Visitor: 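Before I ask anything, here is the structure I am working with.
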Amino acid sequence: MAVVMTGGTRGLGRVAAERLGALPGTRIMGARSAAAVPDGWDSHWLDLEDLGSVRAFAEAWPDEPITHLILNAGSQRPVIGGRTVDGFEPTFAANHLAHYLLLRLAMPKLAKGARIVITASGTHDPLEKTGIPAPRHASAEWLAYPERDPGLDRSTIIAGLRAYAASKLCNVMTARFLASTADAQQAGWTVLAYDPGFTPGTGLARDQPWFVRKLVWPLLPLFIPFAKGMN
């Protein structure tokens, strides 16, 4: 197997990468960030908030057909005030735009029968009652440039959480659209939008305020036996 993966340096992505890497004949092309990569990776630098970095990462892929594309990395920011080097809102840029670009760049290199996994989330669905405000729209322009959104939340915290839910909705929409294309159907690709549920212990909260990262996040695993929907 030839696996290309983002988000394999920590959390559930690292567990997945280590288990995949233990399979005989598996080569993993992983994205390297600030965290150390698992042993045996063919790793290259990737900054999901820089589309130039995304293109450079794709150019470093091996020539062999990719059998598994796992788009797992993601972030959840407390506010929407920042901008990437390309001028986009960071949550939307990292969770959706960068991975969409990676997917488009990977399509010519995907093997017949390849599997594409996009780590999504149920936070876009109000019926899931996750506590995160559901998206009001999936307008790429308004998500990339929130200042253009006429209905933007006045609370920067709520706007930040809603941006996360909207980016995850875009992940689901991308998977559904790709699965319906002639490219996917003719090549026999399997396309999955995967919702791992609320999973404490990952790096999702790395951009949150210090009291969330240092106090709230480390204590959450204690509540797993009592909380429905928490992994």
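What you see is a predicted model, and the numbers here were worked out from it, not measured in a lab.
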Visitor: Measure the CG-CD distance between Leu152 and Glu147 for me, rounded to the nearest 0.5 Å.
Guide: 9.0 Å

Visitor: Work out which heavy atom in Leu12 is nearest to a heavy atom in Asn72; give both atom names and the distance.
Guide: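 It is CD1-OD1, 3.5 Å.
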
Visitor: At what distance, to the nearest 0.5 angstrom, does CG of Leu192 lie from CD1 of Ile116?
Guide: 8.5 Å

Visitor: Please check this pair: side chain of Asp153 against backbone of Ser155, looking for a donor-acceptor N/O pair closer than 3.5 Å.
Guide: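 Between the backbone of Ser155 and the side chain of Asp153 there is no qualifying donor-acceptor contact (under 3.5 Å).
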
Visitor: Yes or no on side-chain contact (heavy atoms from CB on, under 4.5 Å) for His68 and Thr26, after CA distance, side-chain angles and deciding distance?
Guide: CA-CA 10 Å; His68 295 74; Thr26 300; over 6 Å; no

Visitor: I'd like to know if the side chain of Arg162 reaches the main chain of Ala134, judged simply by a donor and an acceptor atom lying under 3.5 Å from each other, with no hydrogens or angles considered.
Guide: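 It does hold such a pair.
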
Visitor: Can you name the closest pair of heavy atoms from Ala163 and Glu89 and give their distance?
Guide: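 What the structure gives for the nearest pair is CB-OE1, 4.1 Å.
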
Visitor: Going from CG on Leu178 to CD on Gln185, what distance comes out if it is rounded to the nearest 0.5 angstrom?
Guide: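 Interatomic distance, Leu178 CG to Gln185 CD, rounded to 0.5 Å: 10.0 Å.
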
Visitor: Parallel, tilted or perpendicular: which one describes the rings of Tyr100 and His96, with boundaries at 30° and 60°?
Guide: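 Taking His96 first and then Tyr100, their aromatic rings sit tilted (interplane angle of 30° to 60°).
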
Visitor: Can any side-chain N or O of Asp125 pair as donor or acceptor with the backbone N or O of Leu127 at less than 3.5 Å?
Guide: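 Present.
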
Visitor: For Ile28 and Ala17, work out which heavy atoms get closest and say how close.
Guide: CD1-O, 3.4 Å

Visitor: Val3, Ile66: one ILVMFWY side-chain cluster at the under-4.5 Å cut-off?
Guide: no

Visitor: Check Leu143 against Ala166 and note the closest heavy-atom contact, atom names and distance.
Guide: CD2-CB, 3.6 Å

Visitor: Just by modelled atom types, is the Ser75 backbone N or O under 3.5 Å from a matching donor or acceptor in the Asn95 side chain?
Guide: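 Indeed, once roles are kept as given, a pair shorter than 3.5 Å links the two residues.
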
Visitor: For Gly122, is there any backbone N or O sitting under 3.5 Å from a side-chain donor or acceptor partner on Asp195?
Guide: yes

Visitor: Take a 6.0 Å sphere around CZ of Arg83 and say whether it holds more than 12 heavy atoms from other residues, nucleotides or ligands.
Guide: yes

Visitor: Should Trp142 and Tyr164 be counted in the same cluster of Ile, Leu, Val, Met, Phe, Trp and Tyr side chains packed under 4.5 Å apart?
Guide: no

Visitor: Would you call Ile70 and Leu20 a side-chain contact if the rule is heavy atoms closer than 4.5 Å?
Guide: yes

Visitor: Would you say Ile157 has more than 12 foreign heavy atoms packed within less than 6.0 Å of its CD1?
Guide: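 No, because the 6.0 Å sphere around CD1 of Ile157 holds 12 heavy atoms or fewer from other groups.
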
Visitor: Hydrophobic clusters here meaning ILVMFWY residues chained together by side-chain heavy-atom distances under 4.5 Å, can you tell me if Met107 and Leu51 are in one?
Guide: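 Yes.
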
Visitor: Is the side chain of Thr6 donor-acceptor paired with the backbone N or O of Ala31 at a distance under 3.5 Å, no angle test?
Guide: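 No, Thr6 side chain to Ala31 backbone: no donor-acceptor pair under 3.5 Å.
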
Visitor: May I ask whether Ile118 and Leu102 are part of the same hydrophobic cluster, defined by side-chain heavy atoms of I, L, V, M, F, W, Y residues being less than 4.5 angstrom apart, directly or through others?
Guide: yes

Visitor: Ion pair present between Glu18 and Arg14, side-chain N to carboxylate O less than 4.0 angstrom?
Guide: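 Here Glu18 pairs with Arg14 in a salt bridge, since their nearest N and O are under 4.0 Å apart.
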
Visitor: Can you check side-chain contact (heavy atoms from CB on, under 4.5 Å) on Trp189 and Asp183, steps first, answer last?
Guide: CA-CA 8 Å; Trp189 297 339; Asp183 288 321; 4.0 Å; yes

Visitor: If you round to the nearest 0.5 Å, how far is CG of Leu69 from CG of Leu71?
Guide: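 Those atoms lie 4.0 Å apart.
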
Visitor: Calculate, to the nearest 0.5 Å, the distance between atoms CD and CG belonging to Glu49 and Leu97 respectively.
Guide: 11.0 Å

Visitor: If you define the side chain from C-beta out and look only at heavy atoms, does anything of Asp149 sit under 4.5 Å from Ser139?
Guide: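 Not touching, per the 4.5 Å side-chain cut-off.
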
Visitor: Going only through I, L, V, M, F, W and Y residues with side-chain contacts under 4.5 Å, is there a path from Val54 to Trp61?
Guide: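 Yes: a chain of side-chain contacts under 4.5 Å links Val54 to Trp61.
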
Visitor: Provide the closest heavy-atom pair for Ala120 versus Lys168 in the form atom of the first, atom of the second, distance.
Guide: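 Looks like C-CD, 3.8 Å.
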
Visitor: May I ask you to test the Cys170-Phe92 pair for a side-chain heavy-atom distance under 4.5 Å?
Guide: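 SC-SC contact between Cys170 and Phe92 confirmed.
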
Visitor: Between Leu48 and His99, is the side-chain contact (heavy atoms from CB on, under 4.5 Å) condition met? List the steps.
Guide: CA-CA 8 Å; Leu48 291 173; His99 282 122; 3.8 Å; yes

Visitor: Compare every heavy atom of Ile132 with every heavy atom of Leu161, then report the nearest pair and how far apart it is.
Guide: O-CG2, 3.5 Å

Visitor: For Arg176, does the CZ atom have more than 12 heavy-atom neighbours from other residues, nucleotides or ligands under 6.0 Å away?
Guide: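 It does not: Arg176 CZ has 12 such atoms or fewer within range.
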
Visitor: Is there a side-chain contact (heavy atoms from CB on, under 4.5 Å) between Val4 and Phe57 once you walk through the steps?
Guide: CA-CA 10 Å; Val4 171; Phe57 177 67; 4.2 Å; yes

